[in-house]
Amino acid sequence: MPTGALPAQESEHGHEDAPCGALSAGNGRARGRQEGTPGRDERYRFREPDPVLRLSALYDGQRPSDGVEDHGRPWRHGRRTRSPHRSVPEAVGSHSGQLMGETTTEPREELSQVLRHRREKLEALRAKGVEPFAYNFHRSADAAGAVATFEGAEKAGSLDEKDHGERVEVGGRLVGWRDMGRSIFAHLEDASGRIQLYFKKNILGEDDFETLALLDVSDWIGVEGPTFRTRTGEVTVQVESWTLLAKSLRPLPFGKAETDPETGERIIHSGFADQETRYRQRYADLAVHPDVREVFRLRSRVISSLRRFLDEEGFLEVETPVLQPLYGGASAKPFVTRHNALDQTMYLRIADELYLKRLIVGGLDRVYEISKDFRNEGLSRVHSPEFTMLEWYQAFSDYEDQMDLCERMILYVMDEVMGTRQVTFGSHQLTIEAPFRRIGLVSALSEALGRDVHEMSEDDLRAEAERRNVADLDGAGPGKLIDKLFGELVEPGLIEPTFVIDHPKELSPLAKPHREDPRLTERFELYMGGAEVFNAFSELNDPIDQRERFETQVALREAGDDEAQQIDEDYIRALEYGMPPTGGVGMGVDRFVMMLLDQPTIRDVILFPMLRNED
RNA sequence: GACCCGGUAGCUCAGCUGGCAGAGCAACUGACUUUUAAUCAGUAGGUCGUGGGUUCGAGCCCCACCCGGGUCACCA
């Protein structure tokens, strides 16, 4: 599990799990595996003699009589039939067939025993008149608030004669359960943190206490009662009444947590380690891993902070098309789709750039957009086909100004969200301070090669690249060769924030020529933690030059480069009306978040990363 | 795409040179009224990714395939 050093979080919630109540749903084997029966079909019948007497007893006489086939759905009796909840919630999925005793073509479910027990408890609860899926629950505090209030009262000496704090109503998910016989300790977790619950038989009464045995870790419950501090020092709710809010029919894969007696640190033994399953079932990953929840809370705060920064700088947030008749603004392959009514091929955008610059032409002189872009390419640690891009364009600025703006923005976000300028990138500990290092792409490469890149012919460059086993050189011109060599030789070392500036013209068809060296463009990429996070130019505003650049791209495309750009006539028309000098920046928001939160892969900062179809 | 590693109980994993498929946790039964990885006693739980092959015998060896992770390479 990701264990990035996340700053400034409240508590380290660990995970605990524990066996739940003593009472239970009975002996599955006896029912499901009777001699000679093929298993599934028999599993849910209630027949005599049924050894599951404790469970049966809880039905309070509503238990279906025996030996009749349609008792596969005992909860269908009584008022349940007309309940808006109808039969089984969606989570049941393919198991309903099983449970109904029907033959089904569904593959046999892996969890049948565990799922069965929970379903039996659900029935037992309904038989006792306990509604397992509540409509609402009023909370007087969240878990952290209840603890804080108690501690405040304790400090102020305002506890009552029994050392109880005020009564609270808290609600959350059961994440731990320790049954001690006539008393039970449990932990309840909500978005704020966790709080211990204490259930005591002679407070709740015999019957209510018995019913607790039908609860499980993962259930949502609400409780009410005074707070107190246990002998071991933990602030705890002494439960006087409880309400089941939602029965969990599928146990969450909680791991175990222990507290190191030496350091007091919580050591977490994850019960949910399979990366793929964690991405597919992000709900369970989030439910079980508080630090994953924290990553996404911080991601959200980073994005808010970026937005606030740009708003304060006078930028206007805009929205431009995701579905485009012509894609452009980057070198990438698009997703293709079709609009039926217009009978027209559409592309999912690969960049926002060309639309945003049209807005500069129109006089909206500082604009930005935070959006999903789509590139039909492979997946990797730093590439997702669907990713979040922030682009902004500012008239009356050039790339020098934008480097300054980037520095300010990064420090603004760090101060506001992280509260520190210290950051960890893998094994590197860094302090981020402006100004960042600036290196010329060509001069840095020249230094790495030990010879002046400008003096090298295309053949020299190719020979160097081949000597260093740089892959995929087909059709690469000198610009691309320089870029490849740079990627090989210089890029991996760019851990601390570094502006790499002044790229070869061939690589940057939308950037202005360098004012001092026509072979280059005024462009920078900002690298952090070894990955490119920002990309920016002094934007090309000469429509005649722009057309020539597009034509060069078309030639590259015809030569087989399917990532080369196309001529966008409408964009050229816009430039012909006149675009003021403009600096523009694109930022990979996911990567930025990765860097700030020290997350090793882009999937760890995307809630639902793209995966191959399940089956 | 190429290379490396992996897929065994609900989860995390072990399984030697081919010889009866295992552990911990979770589940289930029982005990326990201030525990917190609760503890103690007991019970159940398996299509060893899929399909072929070799063998008296395959989780293990061979072939093919599926799925995942990592590394490399390109766009943020």
Proximal nucleotide (of [options]) relative to the [X] side chain:
{"X": "A/Asn202", "options": "B/G68, B/U33, B/A73", "result": "B/U33"}
{"X": "A/Gln275", "options": "B/U35, B/G69, B/C32", "result": "B/G69"}
{"X": "A/Thr236", "options": "B/U71, B/G70, B/U35", "result": "B/U35"}
{"X": "A/Arg280", "options": "B/G68, B/A76, B/G70", "result": "B/G68"}
{"X": "A/Phe185", "options": "B/A76, B/U33, B/U35", "result": "B/U35"}
{"X": "A/Glu532", "options": "B/A76, B/C67, B/U35", "result": "B/A76"}

Ignoring hydrogens and angles, answer whether the base of [N] and the side-chain atoms of [X] contain a donor-acceptor pair closer than 3.5 Å.
{"X": "A/Arg231", "N": "B/U34", "answer": "no"}
{"X": "A/Thr230", "N": "B/U35", "answer": "yes"}
{"X": "A/Gln196", "N": "B/U35", "answer": "yes"}

What nucleic acid atoms does [X] come within less than 4.0 Å of, heavy atoms only: base, sugar-phosphate, or nothing?
{"X": "A/Phe228", "answer": "base"}
{"X": "A/Ser380", "answer": "base"}
{"X": "A/Arg229", "answer": "nothing"}
{"X": "A/Ile350", "answer": "nothing"}
{"X": "A/Thr601", "answer": "sugar-phosphate"}
{"X": "A/Ala330", "answer": "nothing"}
{"X": "A/Thr277", "answer": "nothing"}
{"X": "A/Lys200", "answer": "base"}
{"X": "A/Phe534", "answer": "nothing"}

Integer-rounded Å distance: [N] [atom2] and [X] [atom1]:
{"X": "A/Glu120", "N": "B/C28", "atom1": "CD", "atom2": "P", "result": "10 Å"}
{"X": "A/Leu379", "N": "B/G70", "atom1": "CG", "atom2": "C1'", "result": "14 Å"}
{"X": "A/Leu507", "N": "B/C74", "atom1": "CG", "atom2": "P", "result": "12 Å"}
{"X": "A/Leu252", "N": "B/A27", "atom1": "CG", "atom2": "P", "result": "13 Å"}

ask   = Should the ring pair A/Phe199 and A/Trp177 be called parallel, tilted or perpendicular, given that the plane angle runs from 0 to 90° and is split at 30 and 60?
value = tilted
request  = Could you measure between the two P atoms, the one in B/G15 and the one in B/C74, and give it in whole Å?
outcome  = 38 Å
ask   = Dot-bracket for RNA chain B, 5' to 3', counting Watson-Crick or G-U wobble pairs under 3.5 Å, with [ ] for crossing pairs and | for inter-strand pairs?
value = (((((((..((((.....[..)))).(((((.......))))).....(((((..]....))))))))))))....
request  = Apply ring-ring contact (aromatic ring centres under 6.0 Å, His included) to A/Tyr368 and list each qualifying residue two or more places apart in sequence or on a separate chain.
outcome  = none
query = Can you name the residues that form a ring-ring contact (aromatic ring centres under 6.0 Å, His included) with A/Phe228, not counting sequence neighbours?
reply =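 For A/Phe228 the ring-ring contact (aromatic ring centres under 6.0 Å, His included) partners, ignoring immediate neighbours, are A/His164, A/Tyr198.
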ask   = Are a donor atom and an acceptor atom from the side chains of A/Ser248 and A/Arg118 found within less than 3.5 Å of each other?
value =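 There is such a pair (donor and acceptor under 3.5 Å, judged by atom type) between the side chains of A/Ser248 and A/Arg118.
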request  = For A/Arg375, enumerate each residue passing the salt bridge (Lys or Arg N to Asp or Glu O under 4.0 Å) test, keeping only those at least two apart in sequence or located in another chain.
outcome  = none
task = Could you pull out all residues at least two apart from A/Arg282 that satisfy side-chain contact (heavy atoms from CB on, under 4.5 Å)?
result =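 Partners of A/Arg282 under the side-chain contact (heavy atoms from CB on, under 4.5 Å) test: A/Tyr279, A/Asp285, A/Leu286, A/Val292, A/Phe296, A/Leu607, A/Phe608, A/Pro609.
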query = With sequence neighbours excluded, what pairs up with A/Ala536 under the side-chain contact (heavy atoms from CB on, under 4.5 Å) test?
reply =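 Checked A/Ala536 against side-chain contact (heavy atoms from CB on, under 4.5 Å); matches are A/Phe524, A/Val585.
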inquiry  = Can you see if the side chain of A/Arg591 gets near the phosphate of B/A76 - specifically, an N or O under 4.0 Å from OP1 or OP2?
reply    = no
ask   = Would you call A/Glu532 and A/Arg591 a salt bridge, using N to O less than 4.0 angstrom?
value =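 Salt bridge flag = no for A/Arg591 with A/Glu532.
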note = Judged by nearest nucleotide, the residue sitting upstream toward the 5' end of RNA chain B, A/Phe387 or A/Arg603, is A/Arg603
